[in-house]
Amino acid sequence: MTWLLATILLPLVGAAVVAGMKKNDRLATLTALGVSILTFLLVIPLWASYAPSGDRIQQKSSMDWIPNFGIHISFGIDGIALVMIAVIGLLVPIVVGSLGLTDKLPAGRSAGGFLSLILVQEALTIGVFAATDVFLFYVLFEIMLIPMYFLIGGYGGANRQYAAVKFFLYSFLGGLIMLASAIGAYSMASDELGKGTFDWETLVTVVRDAPLGTQIWLFIGFFLAFAIKAPLVPFHTWLPDAAGQAPIGVAVLLVGVLDKVGTFGFLRYCLPMFPDASKELAPFVLVLAVAGVLYGSILAAGQRDMKRFIAYVSIAHFGFIALGIFTFNEQAMVGSVSYMLNHSLATGMLIVVVGLIVMRGGSTKISDYGGMAKVTPLLGGMLLIAGLSTLSLPGTNSFISEFLVLLGSFVDHPVYTIIATVGMVLAAAYVLWLYQRVMQGPVRGDALMAAGGGPGTAIAPELGATKAIKDLGGKEIAILTPMVVLIIALGFYPKPVLDTITPSVQATMSSVQGGK
């Protein structure tokens, strides 16, 4: 038993316990919160035991699964996987703790059922990042769609069934294409070694020496699966629908964590296994990346729904991440990996804050709000912090990531980099536009300020039902505080994260440069 295995198994055990608490929502919520916090605490010794200067894959564990076909249940982490597991461990307690504050469960649905799916999703997602057997990775890649499908389809908005099916079919199809390439890699190992294997480290040494044409075909299978998951334009269309219909807590995991599996796959599978194909097709990927930056930014600026706004903002950010990965510059790649973490924090906080706004206003439409900072100044401040991190303001966590991506990519691809910087300008415009529309100006809907116009409560008939609007309470502040602290701390001192991921990035770069 390693710290990594404990981090995977604990949420599964917790999910089984919570699922049986269908008649006691409070007990189910407290149990799920305790399990998620304990899982996060397990990340601390997992991080402490990781040696950046040690082996590329650490915390290894393996057992036979289907030995006749060289398939094992094998787990291990590098610095990139460790960072993503840490952010999952942080976000899940926030999602669990925010239940009731950002979401109301549909009538007749229990908290036990909802939270057990959240914990299963956590365990499967950690397993995806930790899998070192390619077949196991594929299985977890597909299975993790199931709890997310039920979370969106069972607890989402009015068009939840359409969004859930679209999400599932897109990702499932991508996974099947990836499986075909994985079988091709297995066959190559069988021819080369006399027996087939799905062990990632073995396949890297075998497949990387394949002819360019073979590499390209195998690369395309993996790339399509990850491009859909990331999502890159034009494989992105499932995300706005899924994020727009998902409950707030589910959207935090969907946009903040699950789509990182795509960019993680580029780094773990596409580049080391198919270095020559990666370099050959890099110009094509860079075009998609830059197109995503501009496309996502322009459509974000035109959104009327806050949740779909966040989805298009994320599409733009994933363009930056892909740009940094496929420029094959160490500095840019380090920036991309740190961007994966910082995007999760910034976007996770932004979604939670939007959920708090929607619970007060009863609508996700931007036009239904205005002047809320006069009534809820703390909530307005939280939206501003999340927004500034999203637009990568210096002093926030996202700035160093975006700066490293642009600095590194400019060396070899100045044209793509210059075009991508337009996205930075647009980001400032659409984030500040959102804040101004929702928080500034006159209070919308003929709302009457209470107590002579001071902060506190307001009667706002057009913000859903007529009711008093209150500022953040103690529980809401407690949920948002960890993200605020990390956004500011990593903005001024990103060294612990950069030191953890840099050796793994260097190992990936070494694999790419060692190609033919």
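Everything quoted here is computed from the prediction, not taken from an experiment. Along the sequence shown, residues are numbered consecutively beginning with 1.
If you run side-chain hydrogen bond (donor to acceptor under 3.5 Å, both in side chains) between H343 and each of S392, S314, S389, only S314 comes through. The side-chain contact (heavy atoms from CB on, under 4.5 Å) test with I248 singles out one residue from V353, L356, I351, and that residue is I351. Under the side-chain contact (heavy atoms from CB on, under 4.5 Å) rule, T39 has a single partner from L10, L119, L9, which is L10. Results of the ring-ring contact (aromatic ring centres under 6.0 Å, His included) test with H236 over Y170, F167, F318, Y295 single out Y295 as the only residue that passes.
Nearest approach of F320 to L406, heavy atoms of both residues: CE2-CD2, 3.8 Å. The minimum heavy-atom distance linking Y369 with V358 is given by the pair OH-CA, 3.6 Å. When every heavy atom of I315 is checked against every heavy atom of G296, the shortest pair comes out as CG2-CA, 4.3 Å. Here the closest non-hydrogen pair linking S401 and N342 is OG-ND2, 2.7 Å.
Atom OH of Y435 sits in a crowded spot, with more than 12 heavy atoms from other residues, nucleotides or ligands closer than 6.0 Å. When the shell of 6.0 Å around CH2 of W47 is examined, it contains more than 12 heavy atoms from other residues, nucleotides or ligands.
In this structure, the side-chain contact (heavy atoms from CB on, under 4.5 Å) partners of A300, at least two apart in sequence or on a different chain, are F309, Y312, V313, Y430.
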Between E476 and R360, is a salt bridge (Lys or Arg N to Asp or Glu O under 4.0 Å) present by the stated rule, with each step listed? CA-CA 13 Å; E476 294 166 320; R360 285 160 169 78; 3.0 Å; yes
Could you give me the CA-CA distance, side-chain angles and deciding distance for K260 and S344, then say whether side chain to side chain donor-acceptor pair (under 3.5 Å) is met? CA-CA 9 Å; K260 305 302 185 304; S344 296; 3.3 Å; yes
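Checked by atom type, the side-chain pair S363/D368 shows a donor-acceptor distance below 3.5 Å. No donor-acceptor contact under 3.5 angstrom links the side chains of E122 and S36, judged on distance only. Side-chain atoms of T364 and D305 include a donor-acceptor pair closer than 3.5 Å.
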Which side-chain N or O atoms in residues 77-101 pair as donor and acceptor under 3.5 Å with protein atoms at least two apart or in another chain?
from : atom 1 : to   : atom 2 : distance (Å)
D78  : OD1    : I80  : N      : 3.2
D78  : OD1    : A81  : N      : 2.9
D78  : OD1    : R268 : NH2    : 3.3
S98  : OG     : I94  : O      : 3.0
S98  : OG     : V95  : O      : 2.9

Identify each donor-acceptor pair in which a side-chain atom of residues 491-502 lies under 3.5 Å from a protein atom, sequence neighbours left out, and give them as a table.
from : atom 1 : to   : atom 2 : distance (Å)
K495 : NZ     : D499 : OD2    : 2.6
T500 : OG1    : P496 : O      : 2.8
T502 : OG1    : L498 : O      : 2.5

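For the pair L345 and M349, the minimum side-chain heavy-atom distance is 4.5 Å or more.
Formation of a donor-acceptor pair under 3.5 Å by the Q245 side chain with backbone atoms of A158 is found in this model.
Below 30°, between 30° and 60°, or above 60°: for H317 and Y339 the angle between ring planes is between 30° and 60°, a tilted geometry. Ring geometry, F172 versus F168: the interplanar angle falls under 30°, so the pair is classed parallel (tilted spans 30 to 60°).
Of the inter-residue distances, the one linking Q121 atom CD with L115 atom CG reads 13.5 Å to the nearest 0.5 angstrom. Rounded to the nearest 0.5 angstrom, T396 OG1 and E402 CD are separated by 9.0 Å.
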